[in-house]
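Before we start, here is the structure in question, set down as structure tokens.
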Amino acid sequence: MSEKILLIDGHSILNRAFYGLPDLTNAEGRHTGAVYGFLNIMFRILEEEKPEYLTVAFDLSAPTFRHKRYEAYKGTRKPMPEELREQVPLIKEMLSAMGINIMSLEGYEADDLLGTVARRSEAKGMDVTILSGDRDLLQLATDKVLIRLPKTVRGKTTVENYHTAEVLEKYQVTPPQIIELKALMGDSSDNIPGIPGVGEKTATKMIVQFGSIENAHEHLEEVKPNKAKESLREHYDLAQLSKELATINTDSPLEFSYEKAKVENPYTPEAYELCKRLEFKNMLNRFDPATTADSSMELEFFTCNDLSGVEALFEKAAQKDQVGISVLADPDQVYTVGLVLDEKEIYQIPVGGLLTGDYLCGKLKALADSTVLCAMDIKSVLKHVSLDDPKKVFDAGVAAYLLNPLKSSYSHDDIAREYLDGMMLPSKEDLLGKTSLKKAWEEELEWLGNYACYQAFVPCMARKVLLEKLDETGMRKVYDEIELPLVFTLDSMEKWGISVKGEELKSYGEKLKVRIQELEKTIWQEAGEEFNINSPKQLGVILFEKLGLPGGKKTKTGYSTAADILDKLAPDYAIVKDILEYRQLTKLKSTYADGLGNVIGEDGRIHSTFNQTITATGRISSTDPNLQNIPVRMELGRLIRKVFVPEEGFVFLDADYSQIELRVLAHMSGDEKLIQAYREAEDIHRLTASQVFHVPLDEVTSLQRRNAKAVNFGIVYGISSFGLSQDLSITRKEAAAYIEKYFETYPKIKGFLDGLVKDGKEHGYVTTMFGRRRPVPELRSSNFMQRSFGERVAMNSPIQGTAADIIKIAMNHVYERMKKEGLRSRLVLQVHDELLIETKKEEIEEVSRILEEEMKGAADLAVELDVDMHQGDSWYEAK
DNA sequence: AAACTCACG
DNA sequence: ACGTACGTGAGTTTG
């Protein structure tokens, strides 16, 4: 096997990372996104290629031979944005810290150095890989020199690979001929002039036919089309100059030492420190604990597996102000309990013999009488330990979520790294891999025990700092008064679950099946062949190629067949109408009829999980199954709600807030006109239309009302004329006019929304009425698209988040009151602005009163919080 | 695993 | 000029 060298085009990879990926900033406000992206792609390629040598090439600012040859060269190039410029020294510092060789040479560009080292290495018989974002490098490809171009599509990075063959395949010319192409076409980003009137197509044709610019010039009369012929005749000199400029110099006088380019372990203590300073948390994972001085603290774990030892341990634990606990268990069995008294006393207690799960959970429950139990996830503890006082527990996951709701998980290793001075602990994955808890308990008790210890250790140690940060950020009240009590409320909802008629669900599914099969036949007939209607790819080919429907391309990978596209075609094509119906029915069958059927428990009820640490705004989410997206808008789908029923002797009471987000907007903005509107109107959209379009209330047309409603929604989503125009199928101009009229009508709204964006930019986050924060890093992005997204988020999150806060407060109060009053009714579902209560028939009146009082009284707004309430013998009827 | 589609607020 | 509504979760196909 020959040796391999990896050459990286420093600036171009940094550039790509900067423009293609979201920007990051650390606590010092330094921009670091591009550096982070650079490292990610570099390590990915390093792992794939495992080269013996590595070097990164950078341009210098001094003029190059190209400047001397051609004055305008790069003369008018756009200046680098400041956010990127400041990251150039940073990446160099990082590479140095990692002991990675950097090369640059006055008078030459990075390309030339890459080319030079590539040719030299090739001559030594090495394999060469060049990593760049710049297609110009393709001219260097050979059978031994691989050019790799990373591409980012929607935040996901893939890499295109080119040896000679791939260049030929994609561009129809050899790698050296890439230069000819570029010289003809020009390249505005490099200020290669090119010749007028020749684009990619013509240039390719010319080079395929003639091989070079010179040869084309010699056979000028054969050059087609005419325009290209004349252009080449007139600008031949320019083309030759361009060629010269575009040619990478592979023979620069670079002093290059393979010795210095040898790949060593990049995970040095210096690099670790720098990654920490830049807050590259995920990068820190890669570092070997041995190389990182400060994470080498050894934790000592003890096992306690005799009854008297456990008794003594719990007695000692009861004397502490706080203890860390963990309960590793499946729904029906406890495997191991972790108990941490302080950093020196960390215990695992495996279930076995006299130490049963019930016994240990009983001990934990009793322990809560005398100390505070700290856990990663209190709700999971509640499944086995029936605690009832939020004041006696601490939930590290919930606390960390409040401090940064944008994280994808809140595991013990993440929290240790972030809140315990960068402490690196093994993750669950590291300890158990994909082994189930049950299997680990049977076969790898040691590893399971370690996991239990870490799970108990981290929340115990991090409690202090997490609470301090909640205090500092003004979120202590949200934690104490909303989120922590909510853990108990959600646990209760999960335990109760909701009763579902399995048989009816089945027959509903079978009815759907009949119609689906009919439709399938019809569609195949209309298409003239059998194909998989569920495959957007196959469907796109049938509709837009075989049948030639208008519409054409839409997505990255092919034709879009989404409903909003098909809707437009449906009136004219029977097959489209059938496909839409087919889609609707298969969705209902697979996701709801079959999907829900599969998760009915032995008790005949569905027990969804309500996730408290998922959403960026503060809403809860529902999984396994998701009960927050049960159909309601279409009647056929809505029928599914008939299978959700209360148990014998109960009815459903369903209460939903009426336009809570708009009311929150009215309150937070303080716009008197909108507030007044809510005091008067029963139909806010109609009133909005009347005020915006200056017509009397009873003369508002249905179109005007629809438009006003869309604007109301748009405002809440972070208004943009484009978005509104899409929603209403009108031009952007018209949409902009609606928005302007709206802002004229409600003058404080605009100021309020602008203020949110301004505050967001200033602080880096926005807050709800109750102080919940959402960071909005996109607001500081130099990328227009990302920044615009940030602006919409800054406008929407405080509104959506405040509404989420309000209903959470209401849920807690309803739950606590029903409990205090000894009622047998129970909260079973929350759907963002709606609560569903399985109500004991004797308690209907009392529960109605509680619901109304607690929902309306959850927050004190300038407008009333209106609640619609219904009762029924199924969810369908209670809506 | 990612892309696409679609259900909800 | 860029190219979008805000927030979710799940099923299916495909590379």
Side-chain angles (χ1 to χ4, degrees), chain A residues 19 153-158 405 531-540 554-566 579-580 582-596 598-599 608-611 614-634 636-638 640-641 656-657 659-661 710-711 713-728 732 735 739 766 774 776 778 781-801 803-804 807 829-834:
Chain A
Y19 287 106
V153 181
R154 292 188 217 180
K156 184 67 203 171
T157 303
T158 54
F531 66 104
N532 187 343
I533 308 168
N534 287 318
S535 161
K537 194 179 165 186
Q538 294 179 36
L539 182 62
K554 251 301 183 180
T555 65
K556 304 279 175 204
T557 51
Y559 304 102
S560 171
T561 64
D564 56 335
I565 306 280
L566 298 191
I579 288 165
L580 285 168
Y582 175 91
R583 281 250 178 95
Q584 201 192 356
L585 300 192
T586 51
K587 174 83 176 180
L588 291 174
K589 183 161 191 307
S590 63
T591 304
Y592 299 104
D594 300 345
L596 292 175
N598 288 330
V599 290
S608 175
T609 302
F610 293 100
N611 310 107
I614 296 283
T615 72
T617 53
R619 280 186 173 183
I620 60 173
S621 85
S622 157
T623 48
D624 301 307
N626 183 354
L627 292 182
Q628 291 182 320
N629 71 346
I630 303 303
V632 68
R633 294 172 190 171
M634 305 286 285
L636 181 64
R638 193 176 191 144
I640 295 205
R641 294 178 175 231
D656 69 287
Y657 281 116
Q659 292 135 8
I660 186 169
E661 293 188 343
V711 177
F713 269 95
I715 296 284
V716 168
Y717 287 158
I719 197 80
S720 81
S721 55
F722 181 88
L724 184 63
S725 71
Q726 287 292 299
D727 189 52
L728 287 177
R732 260 171 83 163
I739 294 167
V766 291
R774 169 174 184 173
V776 194
E778 297 90 346
S781 169
S782 54
N783 178 305
F784 173 86
M785 191 178 68
Q786 303 234 3
R787 199 171 54 250
S788 306
F789 172 70
E791 288 167 0
R792 294 194 294 274
V793 162
M795 294 187 261
N796 169 267
S797 292
I799 300 172
Q800 191 183 113
I807 195 163
L829 289 182
Q830 185 253 45
V831 193
H832 310 308
D833 65 354
E834 167 190 4

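This is a predicted model, so every value here is computed, not measured. The chains referred to below are lettered A, B, ... by the order of the sequence lines, with proteins before strands, and numbering in each begins at 1.
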### Nucleic acid footprint by protein, nucleotides 10-15 of chain C - heavy-atom cut-off 4.0 Å, B for base, S for sugar-phosphate alone
SSSSSS
### Whole-angstrom distance between B/dC6 and C/dG3, as gauged at atom P
24 Å
### Query
Is A/R641 reaching over with its side chain to a backbone N or O of A/I630, donor-acceptor style, under 3.5 angstrom?
yes
### Sequence-distant partners of A/E791, side chain to side chain donor-acceptor pair (under 3.5 Å), two or more places apart
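A/E791 satisfies side chain to side chain donor-acceptor pair (under 3.5 Å) with A/K761 once adjacent residues are dropped.
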#### Entry: A/F713 atom CZ, neighbour heavy-atom count above 12 within 6.0 Å
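At most 12 heavy atoms, drawn from other residues, nucleotides or ligands, come within 6.0 Å of this atom.
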### Task
With DNA chain C as reference, determine whether A/S621 or A/D727 sits nearer its 5' end, using the nearest nucleotide of each.
A/D727
### Query
Quick one: A/L724 CG to C/dT4 C1', roughly how many Å, whole number?
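Those two atoms, CG and C1', are 12 Å apart.
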### Summary
note: A/M795, atom CE; C/dT4, atom P; distance rounded to Å ~ 17 Å
### Message
Between A/V766 and A/V793, is the side chain to side chain contact (heavy atoms under 4.5 Å, CB included) condition met? List the steps.
### Response
CA-CA 9 Å; A/V766 291; A/V793 162; 5.7 Å; no
### Query
Considering residues at least two apart in sequence or located in another chain, which fulfil the salt bridge (charged side-chain N to carboxylate O under 4.0 Å, His left out) criterion with A/R792?
none
### Message
Please report the distance, rounded to the nearest Å, between CD1 in A/I579 and P in B/dT5.
### Response
12 Å
### Summary
Separation of B/dC8 atom P from A/Y592 atom OH, nearest Å, is 6 Å
### Message
Can you measure A/L585 atom CG to B/dC6 atom P for me and round it to whole angstrom units?
### Response
13 Å
### Message
Measure CD/A/E661 against C1'/B/dG9 and give the value in whole Å, please.
### Response
7 Å
### Query
If you look at every strand shown and take non-hydrogen atoms under 4.0 Å, does A/F784 touch a base, only sugar-phosphate, or nothing?
base
### Message
Test of understanding: with salt bridge (charged side-chain N to carboxylate O under 4.0 Å, His left out), list the residues that count as partners of A/D624, not counting sequence neighbours.
### Response
none
### Task
Sequence neighbours left out, what passes salt bridge (charged side-chain N to carboxylate O under 4.0 Å, His left out) with A/K589? Give chain and number order.
A/D594
### Task
In whole angstrom, give the distance that lies between atom CD1 of A/I807 and atom C1' of B/dC8.
14 Å
### Task
May I ask you to say what A/A803 touches in the nucleic acid, namely base, sugar-phosphate or nothing, with a heavy-atom cut-off under 4.0 Å?
nothing
### Message
Using a 4.0 Å heavy-atom cut-off, does A/R732 contact any base of the nucleic acid, only the sugar-phosphate backbone, or nothing at all?
### Response
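Answer is base: heavy atoms of A/R732 come under 4.0 Å of a base.
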### Message
Any base atoms under 4.0 Å from A/A563, or only sugar-phosphate, or nothing? Heavy atoms, all strands.
### Response
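Contact class for A/A563: sugar-phosphate only.
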### Task
Scan A/V716 against the nucleic acid and name what it touches under 4.0 Å (heavy atoms): base, sugar-phosphate only, or nothing.
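Here A/V716 touches no strand at all.
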### Query
Hey, does A/G714 reach any base, or is it just sugar-phosphate, or nothing, if we go heavy atoms under 4.0 Å?
base
### Pair A/R787, A/S781: side-chain N/O donor-acceptor within cut-off below 3.5 Å
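No, no side-chain donor-acceptor contact under 3.5 Å.
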## Note on the structure
Read 5' to 3' with Watson-Crick or G-U pairs under 3.5 Å, [ ] for crossing pairs and | for partners on another strand, DNA chain C gives .....|||||||||.
### Query
Contact class for A/I799 vs. all strands (heavy atom < 4.0 Å): base, sugar-phosphate, or nothing?
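No contact.
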### Query
Does A/S720 have any side chain to side chain donor-acceptor pair (under 3.5 Å) partners at least two apart in sequence or in another chain, and if so, which?
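Result, side chain to side chain donor-acceptor pair (under 3.5 Å) vs A/S720: none returned.
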### Message
Could you tell me how far C/dT4 sits from B/dT5 if I compare only their P atoms? Round to whole Å.
### Response
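Their P atoms lie roughly 14 Å apart.
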### Query
What does A/Q800 touch in the nucleic acid at a heavy-atom separation under 4.0 angstrom: a base, only the sugar-phosphate, or nothing?
base
#### Entry: Approximate separation, where rounding is to 0.5 Å, of A/N796 CG and A/E661 CD
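If we round to the nearest 0.5 Å, A/N796:CG and A/E661:CD are 6.5 Å apart.
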#### Entry: Length of the line joining A/D564:CG and B/dT5:P, which is rounded to integer Å
9 Å
### Query
Taking the side chain of A/S720 as its heavy atoms from C-beta onward, which of C/dC6, C/dT4, B/dA7 lies nearest to it?
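When the side chain of A/S720 is considered, C/dT4 is the closest of C/dC6, C/dT4, B/dA7.
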### Task
Look at all strands and tell whether A/T561 reaches a base, only sugar-phosphate, or nothing, counting heavy atoms closer than 4.0 Å.
sugar-phosphate
### Task
Respond yes when some side-chain nitrogen or oxygen of A/R619 is under 4.0 Å from OP1 or OP2 of B/dC8, and no when none is.
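No, A/R619 has no side-chain N/O under 4.0 Å of OP1/OP2 on B/dC8.
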### Message
Does A/L588 reach a base, just sugar-phosphate, or nothing at all? Heavy atoms under 4.0 Å.
### Response
nothing
### Task
Kindly say if A/R792 contacts the phosphate of C/dC6, meaning a side-chain N or O under 4.0 Å from OP1 or OP2.
yes
#### Entry: Residues that A/T617 engages under side chain to side chain donor-acceptor pair (under 3.5 Å), provided they are two or more places apart
A/Q800
### Query
Reckon A/R633 has a side-chain N or O less than 4.0 Å from the OP1 or OP2 of B/dA7?
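So the side-chain polar atoms of A/R633 never come under 4.0 Å of the phosphate oxygens OP1 or OP2 of B/dA7.
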### Query
Sequence neighbours excluded, which residues qualify as side chain to side chain donor-acceptor pair (under 3.5 Å) partners of A/S621?
A/N611
### Task
Provide the distance between the two P atoms, one in B/dC4 and one in C/dA5, to the nearest whole Å.
13 Å
### Message
At 4.0 Å (heavy atoms only), tell me whether A/A794 reaches a base, stays on the sugar-phosphate, or touches nothing.
### Response
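Answer is nothing: A/A794 stays at 4.0 Å or more from every strand.
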### Message
As a test of reading the structure: which of C/dC6, B/dC8, B/dC6 is closest to the side chain of A/Y717, going by heavy atoms?
### Response
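So the nucleotide nearest the side chain must be C/dC6.
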